[in-house]
Number of protein chains: 2
Amino acid sequence: MPKVETFNREFVIQEAVKTFHSKGYNLTSMQDLVDATGLNRSSIYNSFGSKLDLYIECLHKYQKDTKEDIEEIMVKSYSSISTIQRIFCLNMADVLSQNNNDNGCFFNQCTTEMANHEDRIKFFLIENQVSMVQLFEDIVEQGQKNESINKNKNASEYAIYLVTALQGLRISGVLMNDNKQLKSIVETILSVLE
Amino acid sequence: MPKVETFNREFVIQEAVKTFHSKGYNLTSMQDLVDATGLNRSSIYNSFGSKLDLYIECLHKYQKDTKEDIEEIMVKSYSSISTIQRIFCLNMADVLSQNNNDNGCFFNQCTTEMANHEDRIKFFLIENQVSMVQLFEDIVEQGQKNESINKNKNASEYAIYLVTALQGLRISGVLMNDNKQLKSIVETILSVLE
DNA sequence: GTACATTTGAAACGATCATTTCAATTAAAA
DNA sequence: TTTTAATTGAAATGATCGTTTCAAATGTAC
């Protein structure tokens, strides 16, 4: 009986991610979201709840995309160390392609802007961080079995180190938009594992 | 002849830094600054210009404090590697002491929130980043002369790596508020230099 | 004590914020 | 075609935003 939702939900979220990522949560107005998505104000509230609800849905979308990118790399890579290398290179390329147009990793931005003001978001970010560490731990563990990664430190220690370094890279990249420098940083980060 | 400024400018800036650092620029209202500093709204505009002007003054204050902390460490340290170690430990302690109360490094927050929306701020942040890299480069260079730091990579490469890692540590620390984990990260970061 | 330049307090500015309201429109089901 | 329930558009809500205004209060120099 009812009229059905006409817009493409995926597209709307995608556009919302772009907007939030480029302006941050607090600087993004509902009007910005209306303009970016093409939806009417009331449609956004009808379909997504509130600005914060939509933002959190964007975080999940960004997380899903990130994980898919990593899984694709894992499938294509022939060794653990090259998986890690490619993950870092992907992030490097990501930072560089943003050509001064955006503010590093969406999660880093979210962490500094929201983590200590919204419990729902802090919870999400911690869970995301833990799962990223777990993901790296699995890769490193396998690499240590293959002897492609040294055993100076255990997989768990290397994992939290790598996640931290990756976050640093994505912050640094905002101010240091230079291919050669970022490449050098990645090399140095990964040299610990050799 | 004139009535003279009665408030303590240092104190006011200090309180403004706390406020901006804890809420970010966009979430901090002029009323928040009035409450935090005890100044009247008009006094703030009279003495500091605008909200943005005050924010930039806060960035300079934070930069000055950070540099003073590092200089104190440099004077007290007996070797380059221990200088670097202490800088990282200071930042670790800083993150931990903030007990879920604040959002990592003020500069990281500023980078993700403001770098691509305010040219004056982007300029400041890049200059700050360059000077931090230079500072680390000098320390590493000296360490390499003393043979307390290896020469696998040159001082400049280690410097940008260390600055990046430090930024990562201060982001990670917001979500990973655990002494043992942070200590392990710092150890791994510094192990490259051995 | 008077004159003067500045700070101060309170109110007001117009703009914009996130959200709500509600009548008109729409399209599927009867 | 009529019924029906959701979507849509536009206007309005009350709150808050950064900033300005201006008269009163203040403290220094004469």
Side-chain angles (χ1 to χ4, degrees), chain A residues 1-59 103 109-110 113-114 116-121, chain B residues 1-59 103 109-110 113-114 116-121:
Chain A
M1 300 182 204
K3 179 181 176 185
V4 92
E5 213 176 65
T6 56
F7 60 84
N8 180 337
R9 203 179 171 90
E10 277 287 310
F11 172 80
V12 167
I13 296 282
Q14 196 72 269
E15 295 304 304
V17 169
K18 283 185 204 166
T19 309
F20 278 131
H21 191 181
S22 124
K23 307 191 82 173
Y25 179 79
N26 290 305
L27 204 63
T28 298
S29 71
M30 223 53 198
Q31 189 57 49
D32 291 330
L33 295 167
V34 167
D35 294 341
T37 62
L39 258 68
N40 187 271
R41 210 176 306 276
S42 354
S43 305
I44 297 180
Y45 282 95
N46 262 328
S47 306
F48 300 97
S50 68
K51 184 185 169 188
L52 186 63
D53 290 330
L54 175 55
Y55 184 76
I56 291 174
E57 202 156 328
C58 287
L59 288 177
N103 306 74
Q109 185 189 51
C110 178
E113 189 180 17
M114 309 279 284
N116 288 303
H117 297 110
E118 287 290 341
D119 284 343
R120 292 164 66 191
I121 288 183
Chain B
M1 297 182 201
K3 181 181 175 185
V4 93
E5 214 176 65
T6 57
F7 60 83
N8 181 338
R9 201 177 173 92
E10 277 287 309
F11 172 81
V12 167
I13 296 282
Q14 196 72 268
E15 295 304 305
V17 168
K18 282 185 205 165
T19 308
F20 278 130
H21 191 181
S22 122
K23 308 192 80 175
Y25 180 79
N26 290 304
L27 205 63
T28 298
S29 70
M30 223 53 198
Q31 189 57 49
D32 291 329
L33 294 167
V34 167
D35 294 341
T37 62
L39 258 67
N40 186 271
R41 210 176 305 275
S42 357
S43 304
I44 297 181
Y45 282 94
N46 262 328
S47 305
F48 299 98
S50 68
K51 185 187 170 188
L52 186 62
D53 290 330
L54 175 56
Y55 184 75
I56 290 175
E57 202 155 329
C58 286
L59 288 177
N103 306 74
Q109 185 189 51
C110 177
E113 190 179 18
M114 309 280 283
N116 289 303
H117 297 110
E118 287 291 341
D119 284 343
R120 293 163 67 192
I121 287 182

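If you're wondering where the values come from, they're calculated on a predicted model, not measured in any experiment. Here is the naming used below: chain letters follow the sequence lines, and residue numbers restart at 1 for every chain. Below, each value reflects all heavy atoms present in this structure, side chains not excepted, and no hydrogens, waters or symmetry copies.
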My understanding is that only residues two or more places apart in sequence, or in another chain, count here; which of them pass ring-ring contact (aromatic ring centres under 6.0 Å, His included) with A:F48?
none
For A:S43 and D:dT7, is the shortest distance between a side-chain N/O and OP1 or OP2 below 4.0 Å?
no
Expressed as a whole number of angstroms, how long is the span from B:N46:CG to D:dT21:C1'?
12 Å
Flag side-chain contact, heavy atom, 4.5 Å: B:I13 against B:T37:
no
Taking protein heavy atoms under 4.0 Å as touching, what does nucleotides 17-24 of chain C look like 5' to 3' if B marks base contact, S marks sugar-phosphate-only contact and - marks none?
SSBBB---
Nearest-angstrom distance from the residue atom CG of B:D35 to C1' of D:dG18
15 Å
B:R9 CZ - C:dT6 P separation (whole Å):
15 Å
Output the distance between atom CG (A:N26) and atom CE (A:M114), rounded to the nearest 0.5 Å.
6.5 Å
Please list, chain by chain and in numerical order, all residues satisfying side-chain hydrogen bond (donor to acceptor under 3.5 Å, both in side chains) with B:N8, sequence neighbours excluded.
none
Separation of D:dA25 atom P from B:N40 atom CG, nearest Å, is 15 Å
How close or far is atom P of C:dT26 from atom CZ of A:F7, stated in whole angstroms?
17 Å
Which class fits the ring pair A:F20 and A:Y55: parallel under 30°, tilted 30 to 60°, perpendicular over 60°?
perpendicular
Rounded to the nearest 0.5 Å, what separates atom CG in B:D32 from atom NZ in B:K18?
14.5 Å
